[in-house]
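To keep things clear, I will list the structure first and then write my remarks on it.
Chain naming here is simple, since letters A, B, ... match the order of the sequence lines and numbering starts at 1 in each. Small disclaimer: the values here were computed from a predicted structure and weren't measured.
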Amino acid sequence: MNTPHRIVTPMRRVRGLGAARSGTRDFWHQRVTAVAGIPLTIAFMIIVIALMGRGHAAVAQILGSPLVAVVMLLFIVNTAYHMWIGMQEIILDYVHDDRLKLPSLMANTFFVFAVAFASAFAVLKLSFGV
Amino acid sequence: MADPEAPTVDGASRPLSPHLQIYRLTLTMAMSIAHRLTGAALYFGMVLVAWWLIAVAAGPNAYAGLAWFMGSLFGRLILFGYTWALLHHLLGGIRHLIWDTLHGLEPVERERLAAATLVGSIGLTIVIWGIGYLVMGGSR
């Protein structure tokens with residue numbers, strides 16, 4: 001006769017370990033930043049279209065004006081967090097080898113911080129006018 | 001998290017669920033894939049936003065270089081694709097938020113929403129670029 005097989009389900013492995021507590025955090029934050037991103041992205045597109053074809057002095061002045069600068073900073077920070085979660089989800093979906101997965105997750109964080117800080121710094125510099 | 005395809009105690013490897021390639025391609029599926037692809041493209045597209053802002057902050061010379069590149073045919077193609085990707089991801093995101101509320105999930109509704117994402121993003125891209133060229137006189 002066949003030897004009996006033991007089936008260990010994922011549920012069996014985690015039962016008794018307690019709640020993960022943070023399992024839906026990324027899911028929820030992705031939705032919060034998605035909702036915030038609707039008006040911010042529309043505002044960003046309006047700003048870009050309004051600046052199209054203008055000379056440097058006008059672009060610098062408009063981007064540095066308080067209202068535009070604040071909207072741009074909100075857009076940058078919100079987008080950075082949204083794309084950080086999104087790329088992490090893509091990596092976790094397709095990269096299963098730790099030797100590649102962990103550096104990819106790190107690179108994601110580095111990239112997002114670099115892009116966000118560069119963008120935010122530029123807006124702040126224009127706004128504070130140095 | 002445990003690797004879903006890791007061997008169980010008895011050594012058998014059990015695939016848990018079939019993946020994309022065994023299903024017939026549907027519009028909602030294609031739009032789901034497009035949502036992820038445009039998201040990934042926009043992720044790298046943020047480099048352009050950072051470059052733009054840094055160039056403005058750096059001064060007239062740096063800005064002239066950026067303006068030249070964006071005004072070139074290659075630059076315009078990138079911006080055109082960027083516009084579409086941004087609008088598609090925006091509309092696709094709204095569609096997903098609607099679905100999150102458990103609305104629009106019936107067979108006809110979900111197909112309509114998926115089609116609206118595609119038609120809307122292409123239409124809006126053309127409208128925005130039309131305004132750019134007709135009203136604002138294109139690249140100056």
Single-linkage hydrophobic cluster Trp28(A)~Trp84(A), side-chain heavy atoms < 4.5 angstrom: no

Leu92(A) portion near chain B, given a 4.5 angstrom heavy-atom threshold: neither

Cationic tip of Arg76(B) above Phe80(B) ring, under 6.0 Å, 45° of axis: no

Leading residue by heavy atom contact count with chain A [cutoff under 4.5 Å; candidates Ala55(B), Gly59(B), Ala40(B)]: Gly59(B)

Test item: side-chain donor near acceptor, Thr28(B) and Arg110(B), under 3.5 Å: no

Chain A contact via Trp52(B) - which portion, at a heavy-atom distance below 4.5 Å: side chain

Contacting region of Asp98(A) [heavy-atom separation from chain B under 4.5 Å]: neither

Contact check, side chains of Leu53(B) and Ile76(A), non-hydrogen atoms, under 4.5 Å: yes

Check: Ser32(B) main-chain N/O paired with Arg36(B) side-chain donor or acceptor under 3.5 Å: no

Per-residue contact mode, Leu86(B) against chain A (heavy atom under 4.5 angstrom): side chain

Portion of Leu63(A) that has a non-hydrogen atom of chain B nearer than 4.5 angstrom: side chain

Atom group of Leu97(B) that falls short of 4.5 Å from chain A, counting heavy atoms: side chain

Parallel, tilted or perpendicular: ring planes of Phe75(A) versus Phe44(A), cut at 30 and 60 degrees: parallel

Per-residue contact mode, His89(B) against chain A (heavy atom under 4.5 angstrom): side chain

